[in-house]
Amino acid sequence: PAIDLEKVKSECLEPEPELRSTFSEEANTSSYYPAPAPVMDKYILDNGKVVHLGSGIWVDEEKWHQLQVTQGDSKYTKNLAVMIWGTDVLKNRSVTGVATKKKKDAVPKPPLSPHKLSIVRECLYDRIAQETVDETEIAQRLSKVNKYICEKIMDINKSCKNEERREAKYNLQ
């Protein structure tokens with residue numbers, strides 16, 4: 001039987017309290033660089049259905065394999081964020097938890113879990129490390145993770161607003 005990705009996402013576990021302290025970096029820290037690990041040994045398949053990314057984060061195996069052939073860091077990061085959090089969570093969060101400076105009376109949204117952000121960075125790091133050993137290039141590419149996720153959140157919110165406008169227009173007719 002096929003696995004429902006929505007179920008897998010909703011079942012993503014937060015780390016145990018004692019593990020949480022090991023993931024205490026700030027949500028907006030873009031300088032987190034995990035130690036490289038062999039990619040094949042690192043991501044554990046469970047019954048051929050889901051992949052363990054680490055620390056209680058599980059994703060659908062088929063979607064994980066599709067993600068691995070994604071071209072570009074931006075698309076990879078955005079798709080991984082959707083796999084981990086889902087669009088419903090992303091649209092109501094911000095990467096750092098800080099209100100936008102573009103709107104005068106903006107209310108900050110809750111930040112994304114620093115723990116899950118570190119998993120996104122680790123996955124991207126492992127992917128980049130397969131292409132290059134240049135630490136400067138790796139650091140430069142990893143520094144864009146927050147930007148990519150922010151762009152994805154804005155895309156989701158824009159899409160939701162467009163959907164609301166279409167529904168409102170339809171209801172007026």
Side-chain angles (χ1 to χ4, degrees), residues 2-97 110-135 137-153 156:
I3 275 203
D4 181 8
L5 184 58
E6 291 301 316
K7 272 188 183 174
V8 172
K9 280 187 277 192
S10 67
E11 292 171 0
C12 282
L13 305 172
E14 286 295 326
E16 296 298 319
E18 62 273 9
L19 289 177
R20 252 186 220 127
S21 62
T22 64
F23 295 101
S24 62
E25 85 277 358
E26 293 297 315
N28 63 353
T29 301
S30 59
S31 60
Y32 170 73
Y33 307 112
V39 175
M40 297 314 272
D41 297 341
K42 185 171 182 175
Y43 301 108
I44 303 161
L45 295 175
D46 181 38
N47 293 333
K49 303 278 188 227
V50 290
V51 178
H52 186 234
L53 303 183
S55 303
I57 307 296
W58 296 85
V59 295
D60 179 75
E61 179 187 9
E62 187 177 320
K63 296 213 180 288
W64 175 251
H65 290 302
Q66 290 171 357
L67 182 68
Q68 299 315 304
V69 295
T70 303
Q71 296 295 310
D73 297 345
S74 174
K75 258 193 165 132
Y76 178 89
T77 303
K78 291 174 182 181
N79 290 343
L80 181 57
V82 170
M83 285 173 66
I84 291 174
W85 283 285
T87 54
D88 287 340
V89 171
L90 287 172
K91 74 179 180 186
N92 296 310
R93 300 287 185 95
S94 74
V95 178
T96 61
L112 292 172
S113 158
H115 163 69
K116 290 180 181 178
L117 272 173
S118 71
I119 296 292
V120 171
R121 282 194 183 86
E122 274 186 50
C123 291
L124 183 60
Y125 178 91
D126 293 339
R127 177 184 168 100
I128 296 168
Q130 290 178 337
E131 299 172 20
T132 183
V133 293
D134 180 1
E135 288 298 323
E137 180 183 346
I138 292 172
Q140 186 265 333
R141 289 169 67 181
L142 279 177
S143 71
K144 297 179 181 175
V145 166
N146 286 8
K147 175 185 167 219
Y148 296 148
I149 296 174
C150 180
E151 287 172 356
K152 184 62 181 179
I153 291 170
I156 292 168

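When reading the values below, keep in mind they use all heavy atoms of this one structure, side chains included, and skip hydrogens, waters and symmetry mates. Computed from a predicted structure; not experimentally measured.
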Rounded to the nearest 0.5 Å, what separates atom [atom1] in [X] from atom [atom2] in [Y]?
X	Y	atom1	atom2	result
Lys116	Ile84	NZ	CD1	8.0 Å
Ile138	Glu131	CD1	CD	9.5 Å
Ser74	Lys78	OG	NZ	3.5 Å
Cys123	Ile57	SG	CD1	9.5 Å
Arg121	Thr77	CZ	OG1	9.5 Å
Lys49	Trp58	NZ	CH2	14.0 Å

Passing option when Thr87 is tested against Asn92, Val82, Ile153 for side-chain contact (heavy atoms from CB on, under 4.5 Å) =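 Looking at Asn92, Val82, Ile153, the match for Thr87 under the side-chain contact (heavy atoms from CB on, under 4.5 Å) is Val82.
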query = Just one of Leu124, Leu53, Ile119 clears the side-chain contact (heavy atoms from CB on, under 4.5 Å) bar with Leu80, so which one?
reply = Leu53
message = Tyr76 vs Ile128, test: side-chain contact (heavy atoms from CB on, under 4.5 Å). Steps then yes/no.
response = CA-CA 11 Å; Tyr76 178 89; Ile128 296 168; over 6 Å; no
Is there side-chain contact between [X] and [Y], with at least one heavy-atom pair below 4.5 Å?
X	Y	answer
Lys144	Asp73	no
Trp85	Leu117	yes
Ile156	Lys152	yes

I need the minimum non-hydrogen distance between [X] and [Y], along with the two atoms involved.
X	Y	answer
Met83	Trp64	CE-N, 3.8 Å
Ser55	His115	CB-CE1, 2.9 Å
Ala81	Ile149	CB-CG1, 4.2 Å
Gly56	His52	N-NE2, 3.0 Å

Which residues share a side-chain contact (heavy atoms from CB on, under 4.5 Å) with Glu62, sequence neighbours left out =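 Residues passing side-chain contact (heavy atoms from CB on, under 4.5 Å) with Glu62: Asp60, Gln66.
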